Structures are given as C-alpha cells and as structure tokens.
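Okay, so here's the structure we're looking at.
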Number of protein chains: 2
Amino acid sequence: MDYRYGGSRRGVTAVTAEDVPASERILHAAIGLYGEHGFDGVTLKQIAEQAGVSTPLILHHFGSKAGLRVACDRHVAEEFQRTKTESVRQATPIPRNRFVELMQQNRHLVKYLLRAFLAGGPEMDELFDRLVEDSLRYMAEAEAIGLMYPSRNRRDRAVILLLSSFGMLLLHEQVRRQFGASIIDDPPENLLPYVAALIELYTQPVFNAELYEQLMNQATPPSTSAEERGTHD
Amino acid sequence: MDYRYGGSRRGVTAVTAEDVPASERILHAAIGLYGEHGFDGVTLKQIAEQAGVSTPLILHHFGSKAGLRVACDRHVAEEFQRTKTESVRQATPIPRNRFVELMQQNRHLVKYLLRAFLAGGPEMDELFDRLVEDSLRYMAEAEAIGLMYPSRNRRDRAVILLLSSFGMLLLHEQVRRQFGASIIDDPPENLLPYVAALIELYTQPVFNAELYEQLMNQATPPSTSAEERGTHD
DNA sequence: CGAGCCACTGAACGCCCGTTCAGCCCTCGA
DNA sequence: TCGAGGGCTGAACGGGCGTTCAGTGGCTCG
C-alpha cells in the first residue's frame with residue numbers, strides 16, 4: 001500500500017527518505033484511493049495517511065477536498081494523454097495485446113477514470129470526447145487495411161464500442177465472477193474465455209438481420225412512429 | 001414523482017387516499033433516493049423526509065442503515081423477479097420494444113439495480129446469475145426460430161451481452177451526451193440513432209475475423225515484441 | 001378500567017468529517 | 001545576523017451523520 005518510489009530526483013537534500021514532493025504523493029495517494037473505493041468512500045485522513053503527511057497539508061496544497069478532486073481529474077487526464085501519445089509514438093498501428101498490457105500497467109489510472117466517467121464532470125466529458133476522436137482515427141486505419149468493416153455511422157459505432165468496453169470494465173467484478181479472472185488485475189492468459197467471447201461478438205453477427213427487421217416491422221406498437229425504414233438507399 | 005403520500009400533516013384525519021404502511025414508504029423512498037444519488041450520497045434524514053416519517057422510525061423498522069440497505073436489495077430483487085415473471089406470463093416470445101417500455105416504467109428499480117451491481121454483494125450476485133439463466137432461456141428460443149445465431153459458448157455470450165447492456169446503462173449519462181437522448185429517461189423514438197448503432201453492432205460483424213486472427217497469430221510473441229512492420233507474409 | 005404492546009417521535013449523544021488556526025522548522029536573501 | 005516566507009503540523013471547532021433514549025398516543029385484550 002505504499003506509494004513510495006525512490007527514483008525521482010528532485011530536492012537534492014537528503015532530509016527525507018522519499019524525495020518525491022508531498023503534493024505529488026498526495027495526488028498519487030488520492031487517485032489510488034479514489035479509484036479503489038470511490039469518491040464518497042475516502043476521507044482526507046486516509047489520503048493523508050497513505051501519502052505520509054498530515055491532513056491539513058492537503059488543504060494547504062489544494063485548498064479544499066473539492067480542489068483535490070479537480071486536481072486529480074486534471075492530473076489523470078494529463079497522464080492519460082501523455083501515456084497515450086507516448087505509446088502511439090513508439091507503437092505499430094494498433095497492437096491489441098499491447099493495449100491490454102498498457103491498461104493493466106496503469107490500472108490505478110484506469111480505475112480512477114472509470115469512477116470519474118461515472119461521476120461525470122467537464123474534465124471527464126472532454127476526455128471522453130477526445131477518446132472518441134482517437135478511436136475514430138484508429139478505426140479508420142483498421143478500416144483502411146480491411147481489419148474493420150465500414151459502418152453506416154462511424155462515430156456512433158465508435159461511441160458504442162467505447163461505451164461497451166468501459167461498461168465492461170466498470171462491471172469487472174461481475175466479469176471476474178463469471179469468467180474467473182479480472183480484466184484489470186489478472187494476466188491476459190487467464191482471460192482467454194472472456195476474450196474469446198468478446199472476439200466472437202465482434203467478428204460474428206449475433207442476430208439475423210433480416211429476420212430481426214421483419215419481426216420489428218410486423219410488431220410496431222406505437223401508432224404514429226411506425227415509420228418504415230427506407231433509410232438504406 | 002415524489003413519494004410523499006398523504007398530507008404534510010400526519011395524524012390528521014385521512015388526508016391520504018391510500019394508506020400505505022410506513023415501512024413500505026420508507027423502502028420506496030430509500031430505493032428511489034439510492035438509485036438517484038448512490039448509496040453514499042443519501043442520508044437517513046433525506047429518506048425519512050421523503051417518506052414523511054421521522055428518522056428513528058427507519059431504525060425502528062430496519063435496525064440500522066445497513067439493515068435498510070439489505071432490505072432494499074431484497075425488495076428490489078423480489079420486485080424485479082415479480083415484474084419479470086408477470087411480463088413473461090402475458091407476453092409473446094420476446095418483444096424488444098416492450099422490454100424497453102417495461103424498463104422505463106420501472107426506472108427506479110433499474111437505477112437502483114445498476115448502483116447495486118456496481119457495489120456488489122451477495123443479493124445482487126445471485127440476481128445477476130438468475131438474469132444470466134433467464135437470458136440463456138430467451139436466447140435459446142431466439143436461436144430456435146433463427147433470430148439468433150448459434151454461439152461457440154452460449155453462456156459466455158449471454159454474459160457478455162448482459163454486461164454490455166448493463167454497462168451501457170451505467171454510462172447512460174455519456175450516452176445522453178453523445179446521442180442526445182437518455183436511455184433511461186427519454187422516450188424510445190428519441191433513441192433511434194443509438195438503437196441503430198446497437199442493431200448494427202449485433203447484426204453485422206465489426207472485425208474481419210480471418211484478418212484479425214491472422215494479425216493475432218503473427219504478433220503473438222510476448223517478449224520479442226520489437227517487430228518491424230513487415231505485415232505482408 | 002388498567003396493562004401491555006406497537007408504531008412512532010423529539011431530543012440528545014458520540015463520532016468523525018472537512019476545515020481553521022496558531023505556531024514550528026528550515027531555507028534563503030539582505 | 002536577522003527577518004520573511006513557505007512547507008508542514010497538532011489541536012481544536014462546527015456541523016452532520018447514524019444511533020440511542022425516554023417517552024407519547026392509540027390499540028387490543030383480560
């Protein structure tokens with residue numbers, strides 16, 4: 001449970017064992033605890049303990065508990081962006097395993113992000129929009145090489161896929177119960193059944209499109225909204 | 001939609017039409033508030049106000065706040081089961097629109113359920129397992145009439161589909177931002193773009209299966225990952 | 001008519017939360 | 001050498017929380 005790392009150089013004086021500035025330690029501890037127990041389940045005292053400082057110091061640096069929360073949002077958003085651009089810079093087009101690996105490596109960020117998406121807020125909305133744009137770009141590449149099929153509406157599909165992934169992550173506790181391995185905490189090789197089911201979902205249709213449409217058309221209860229679908233030209 | 005039955009003044013002669021017992025009113029208020037604001041965001045005082053009773057009465061009936069929580073879980077699980085069996089008894093095989101309608105009609109239950117799934121707990125785990133079994137039965141019917149394609153592992157697919165749906169519901173705030181309509185609060189006709197994207201996801205493959213497998217097989221080495229981009233073999 | 005029970009309440013209690021305050025220690029510039 | 005100032009702390013405070021207590025009033029029953 002200790003967030004003491006010993007590598008960073010800052011403040012050369014050998015006064016303390018950990019040379020990481022307190023404000024950074026606080027941020028780190030807060031993000032970890034918030035991600036683990038939710039925003040309403042963590043007190044300043046716990047954060048202070050985890051960071052090895054006193055409670056008032058948190059207020060000294062961040063003004064209030066709400067201020068700390070905002071700082072966490074910002075920090076996570078920045079760190080996320082940084083990690084992403086770094087990985088993009090060094091990676092081949094879109095290695096999916098690498099993505100999982102990266103996600104697990106930054107699981108404290110991921111866990112925080114999930115909570116934050118649930119809670120909402122301008123910082124996270126903006127981040128989500130950026131994620132959508134990124135996805136669109138990746139998916140365009142995938143479509144270009146024939147890995148992904150075209151969609152009637154690319155953006156909507158990207159949003160759906162993103163939301164579906166995030167939702168699955170949010171419910172990772174149930175995933176763990178059902179598949180016997182955690183998406184966030186287990187090594188990928190334990191997740192094979194889960195991944196297999198996902199791949200099937202994304203590579204094979206689930207419903208028979210014609211029959212589905214047929215059933216829908218034959219049983220449209222709302223009186224006025226029973227438009228026929230001449231959408232496909 | 002307030003849960004304030006009866007008059008502001010209790011004790012006065014029958015201001016209320018229906019004479020709902022206080023313990024039920026408390027349960028109802030608690031479920032509504034928990035669903036709306038989360039388990040950590042609601043106080044006994046708020047619940048008592050909403051139910052039109054005093055705070056200690058809640059303790060009198062449910063022992064403690066935790067006891068109330070358990071009672072809520074149980075009540076929701078039962079009500080859910082009841083609604084489901086009722087709808088099954090009277091419905092044709094599986095009208096999807098009717099399902100959405102039913103969900104919106106019981107949105108306070110749904111909102112509570114989502115929170116509860118996130119929080120976990122034995123009651124909800126059990127309920128989830130039951131949902132999986134139900135889904136399996138429905139999907140077997142759908143498969144029998146050719147609406148659904150067979151799966152390599154039916155149970156895993158059912159779990160994935162359930163989790164995906166719940167996850168989407170959990171993130172309905174983001175869905176609303178992206179599609180302009182709330183899954184839970186908007187009438188179905190406002191959700192057409194969202195539903196269209198969902199239908200596409202479930203009726204058309206997203207990835208090219210062969211190419212995907214091919215890419216996976218060619219880039220599986222876990223340690224020797226510094227591959228150049230010589231994609232064509 | 002009392003006794004006992006049950007639903008129900010106002011007041012009070014103890015705890016812990018976020019926050020404030022006064023002051024300590026260390027560094028640094030004059 | 002001294003004063004200023006920032007990082008940091010222990011102690012204390014007000015408030016809101018869940019919970020407890022000591023009832024009160026209306027029923028039912030002997």
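These numbers were taken from a predicted model, which means no experiment stands behind them. Just so it is clear: chains get the letters A, B, ... in the order the sequence lines come, proteins before strands, and each one is counted from 1.
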Quickly work out the [X] [atom1] to [N] [atom2] distance and round it to whole Å.
X: D40(B); N: dG18(D); atom1: CG; atom2: P; answer: 11 Å
X: F62(A); N: dG18(C); atom1: CZ; atom2: P; answer: 15 Å
X: R69(B); N: dG18(D); atom1: CZ; atom2: P; answer: 14 Å
X: F39(A); N: dG18(C); atom1: CZ; atom2: P; answer: 14 Å
X: I26(A); N: dG7(D); atom1: CD1; atom2: P; answer: 11 Å
X: E49(B); N: dG18(D); atom1: CD; atom2: C1'; answer: 16 Å

- Query: Are the aromatic ring centres of Y112(A) and F80(A) under 6.0 angstrom apart?
  - Reply: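 No, too far apart.
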- Selection from dC8(D), dT19(C), dC8(C) that lies nearest to any side-chain heavy atom of L57(A): dC8(D)
- Shortest side-chain distance from L59(A), nucleotide among dC8(C), dT19(C), dT20(D):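 Looking only at heavy atoms from C-beta outward on L59(A), the closest nucleotide is dT19(C).
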- Of all heavy-atom pairs between L191(B) and D186(B), which one has the smallest distance, and what is that distance? CD1-O, 4.3 Å
- Task: Classify every nucleotide of nucleotides 10-17 of chain C by which part a protein heavy atom approaches to under 4.0 Å, writing B for the base, S for the sugar-phosphate alone and - for neither, in 5'-to-3' order.
- Result: BB-----S
Quick one about [Y] and [X] (side-chain donor to acceptor, distance below 3.5 Å, no hydrogens or angles considered), yes or no?
X: Q174(B); Y: D125(A); value: yes
X: Q178(B); Y: D156(A); value: no
X: Q50(B); Y: R25(B); value: no

- Message: For H75(A), give me all partners under side-chain hydrogen bond (donor to acceptor under 3.5 Å, both in side chains), at least two apart in sequence or on another chain.
- Response: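 Only E79(A) meet the side-chain hydrogen bond (donor to acceptor under 3.5 Å, both in side chains) criterion with H75(A).
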- Give a yes/no on whether any side-chain N or O of H60(B) is located under 4.0 angstrom from OP1 or OP2 of dA7(C). yes
- Task: Return no unless some side-chain N or O of H61(A) is found under 4.0 Å from OP1 or OP2 of dG6(D).
- Result: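 No, H61(A) has no side-chain N/O under 4.0 Å of OP1/OP2 on dG6(D).
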- Message: Looking at R155(B) and E133(B), would you say the former's side chain and the latter's main chain have a donor-acceptor pair under 3.5 Å?
- Response: no
- Item | Sidechain-backbone polar pair: S164(A) side chain, I160(A) backbone, donor-acceptor under 3.5 Å | no
- Between CG on residue L162(B) and CG on residue D134(B), distance to nearest 0.5 Å: 9.0 Å
- Reckon S64(A) touches a base, only the sugar-phosphate, or nothing at all at heavy-atom distances under 4.0 Å?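 Sugar-phosphate only.
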- Item | Estimated bend of the helix from dC1(C)-dG30(D) to dA30(C)-dT1(D) (axis per five terminal pairs, rounded to 10 degrees) | 20°
